[in-house]
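Predicted model only: the values in this text are computed from it and were never measured. Proteins get letters first, then strands, A, B, ... in listed order; numbering begins at 1 in each.
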Number of protein chains: 2
Amino acid sequence: MKRTILVFGLLILGLLLLFQFSKYAIISGDLKSEFTIALIAVVFFFVGVYLNKKSLHKSTKVLKEIDHKKIEALDISKREYEVLIGISEGLSNKEIGDKLFVSESTVKTHVSNLLSKLNAKRRTQALQIAKDINII
Amino acid sequence: MKRTILVFGLLILGLLLLFQFSKYAIISGDLKSEFTIALIAVVFFFVGVYLNKKSLHKSTKVLKEIDHKKIEALDISKREYEVLIGISEGLSNKEIGDKLFVSESTVKTHVSNLLSKLNAKRRTQALQIAKDINII
DNA sequence: TAAAGGCTCATACTAAAGTACCAAAGCGGT
DNA sequence: ACCGCTTTGGTACTTTAGTATGAGCCTTTA
């Protein structure tokens, strides 16, 4: 919050300076008026872009990226992660097995390990947790 | 695509006119230079905001809103929808029952109806489908 | 008021999911 | 070559999930 106030303060100060400079430049005729107008236009264009992006970041959630570090931190192996993806696609253990060319038993082992690593009791809970920590 | 070209064409035309007008206004001294500068600033500020919003809509996925019409179209009742939310929270049938103050049997009935309405074989698949059609 | 649909709940099954253990093959690092 | 870890797979068992069916209650609507 303090940082926000600081940023806005500096922004307004900068704009005021630019404003005064422009007025002076135009009146004194040191610079071509076209140049000054273009400068103002460009600066405010980017200010608009910046503020809009800021506000979007604040109000709405931007698309999440997968947190690979978290996956490592939780000690989730490649195979286990592939199984997790299968679960998120709504597949049964049997179907995941077919997809990964392993037996249902193997998938069950992976799922069981996955659940304890994610601290979940059910596969649906695992999905919820996985989404929450951005690993899916 | 045609609409986009038209919009951009008009936008550029408008900005050029504004630009010429500003130059003329400042040189002829009809208007105060402060006013002209402020006008330019405001216009380009909003142009920046507008273009940024446009590009965000195009490139990245914007947060999805729940498609209530789809829910109705699929004939999903209030209670069934509440059960669906419970599933998405990773709860068991028993836990959903506790949350909604009904028995596990009731939840099972709702889940079963939900699955057939969503054309899913499992609750995880129901989640995947529900997310896909933006009802969750 | 009778029909219809939603909500509730139960019983009785079947089918998945999940746990616990064990075991063997394979691989990268020391 | 040995260690540790992943991956694989099996057996046996418990727990959830899901299906089918029937039934009672309530509210809305024809």
Side-chain angles (χ1 to χ4, degrees), chain A residues 66-133 135-136, chain B residues 66-133 135-136:
Chain A
I66 289 170
D67 190 346
H68 295 282
K69 288 174 186 171
K70 197 90 192 182
I71 297 174
E72 285 181 47
L74 287 172
D75 230 47
I76 295 173
S77 69
K78 289 162 299 303
R79 224 42 174 164
E80 284 163 356
Y81 187 71
E82 291 176 315
V83 169
L84 180 59
I85 299 301
I87 292 174
S88 77
E89 291 171 345
L91 304 178
S92 68
N93 290 337
K94 179 79 186 59
E95 288 168 339
I96 295 172
D98 290 344
K99 193 181 170 188
L100 301 180
F101 302 107
V102 295
S103 75
E104 191 187 346
S105 296
T106 306
V107 177
K108 280 191 178 188
T109 307
H110 289 320
V111 170
S112 205
N113 292 332
L114 207 46
L115 292 183
S116 71
K117 285 175 184 177
L118 285 175
N119 206 19
K121 294 197 193 75
R122 282 164 293 282
R123 47 171 57 209
T124 48
Q125 195 179 10
L127 284 182
Q128 187 257 311
I129 293 172
K131 264 160 205 150
D132 204 53
I133 62 179
I135 66 173
I136 213 178
Chain B
I66 290 170
D67 189 347
H68 295 283
K69 288 174 187 171
K70 197 90 192 182
I71 297 174
E72 284 182 48
L74 286 173
D75 229 48
I76 294 173
S77 69
K78 289 164 298 303
R79 224 44 174 162
E80 284 164 356
Y81 187 71
E82 291 176 314
V83 168
L84 181 59
I85 299 301
I87 292 175
S88 77
E89 290 170 346
L91 304 178
S92 68
N93 290 336
K94 179 79 184 61
E95 289 168 339
I96 295 172
D98 290 345
K99 193 181 169 190
L100 301 181
F101 302 108
V102 295
S103 75
E104 190 187 349
S105 296
T106 306
V107 177
K108 281 190 177 187
T109 306
H110 288 319
V111 170
S112 203
N113 292 332
L114 207 45
L115 292 183
S116 71
K117 284 175 184 177
L118 286 175
N119 206 19
K121 294 197 194 74
R122 281 165 293 283
R123 46 171 57 211
T124 48
Q125 195 179 9
L127 284 182
Q128 187 258 311
I129 293 171
K131 265 159 204 148
D132 203 52
I133 62 179
I135 65 172
I136 212 178

Quick one: does Leu100(B)'s side chain get under 4.5 Å of Val107(B)'s, heavy atoms only?
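No; the side chains remain at least 4.5 Å from each other.
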After noting the C-alpha distance and the side-chain angles of Thr106(A) and His110(A), does the key distance pass the side chain to side chain contact (heavy atoms under 4.5 Å, CB included) rule?
CA-CA 6 Å; Thr106(A) 306; His110(A) 289 320; 3.6 Å; yes
Taking atom [atom2] of [N] as reference, at what distance in whole Å does atom [atom1] of [X] sit?
X         : N       : atom1 : atom2 : answer
Asn113(A) : dA20(C) : CG    : P     : 11 Å
Asp75(A)  : dC5(D)  : CG    : C1'   : 10 Å
Ile96(A)  : dT7(D)  : CD1   : C1'   : 16 Å
Lys94(A)  : dG18(D) : NZ    : C1'   : 19 Å
Lys121(B) : dG18(D) : NZ    : C1'   : 14 Å
Ile76(B)  : dG5(C)  : CD1   : C1'   : 16 Å
Leu115(A) : dT16(D) : CG    : C1'   : 13 Å
Leu91(B)  : dA17(C) : CG    : C1'   : 17 Å

Nearest to the side chain of [X] - [options]?
X         : options                 : answer
Ser77(A)  : dG9(D), dT7(D), dA17(C) : dT7(D)
Arg79(A)  : dT7(D), dC7(C), dG9(D)  : dT7(D)
Thr109(A) : dA17(D), dG9(D), dT8(C) : dG9(D)

Heavy atoms only, 4.0 Å cut-off, all strands: where does Lys78(A) land among base, sugar-phosphate and nothing?
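If one applies the 4.0 Å heavy-atom cut-off, Lys78(A) turns out to touch the sugar-phosphate alone, with no base involved.
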Give one of base, sugar-phosphate or nothing for Ser92(B), where a contact means two heavy atoms less than 4.0 Å apart.
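It contacts sugar-phosphate atoms only.
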So if I apply the side chain to side chain donor-acceptor pair (under 3.5 Å) rule between Glu95(A) and each of Gln125(B), Lys121(B), Arg122(B), which one comes out positive?
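Of the listed residues Gln125(B), Lys121(B), Arg122(B), the side chain to side chain donor-acceptor pair (under 3.5 Å) partner of Glu95(A) is Arg122(B).
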Write down the atom of Leu91(A), the atom of Ile96(A), and the distance for their closest heavy-atom approach.
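For Leu91(A) and Ile96(A), the tightest heavy-atom pair comes out as CB-CG1, 3.7 Å.
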What is the minimum heavy-atom distance between Tyr81(A) and Ile135(A), and which atoms define it?
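That closest heavy-atom pairing would be OH-O, 2.8 Å.
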Please determine if a side-chain N or O atom of [X] lies less than 4.0 Å away from the OP1 or OP2 oxygen of [N].
X         : N       : answer
Ser112(A) : dG18(C) : no
His110(B) : dC9(C)  : no
Arg122(B) : dA16(C) : no
Asn93(A)  : dA16(C) : no

5'-most contact on DNA chain C: Lys108(A) or Thr106(B), nearest heavy atom basis?
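On the 5' side of the pair lies Thr106(B).
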Glu82(B) vs Arg79(B), salt bridge (Lys or Arg N to Asp or Glu O under 4.0 Å): CA-CA, chis, key distance, verdict
CA-CA 5 Å; Glu82(B) 291 176 314; Arg79(B) 224 44 174 162; 2.8 Å; yes
Which residues, if any, of residues 98-105 of chain B bring a heavy atom under 4.0 Å of DNA chain C?
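Under 4.0 Å from DNA chain C: Val102(B), Ser103(B), Ser105(B).
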Counting N and O atoms only, with roles assigned by atom type, does the side chain of Asp132(B) sit under 3.5 Å from a partner on the main chain of Gln128(B), one being a donor and the other an acceptor?
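Judged by distance alone, no pair lies under 3.5 Å.
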Heavy atoms of other groups near Lys117(A) NZ, more than 12 under 6.0 Å:
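More than 12 heavy atoms, drawn from other residues, nucleotides or ligands, come within 6.0 Å of this atom.
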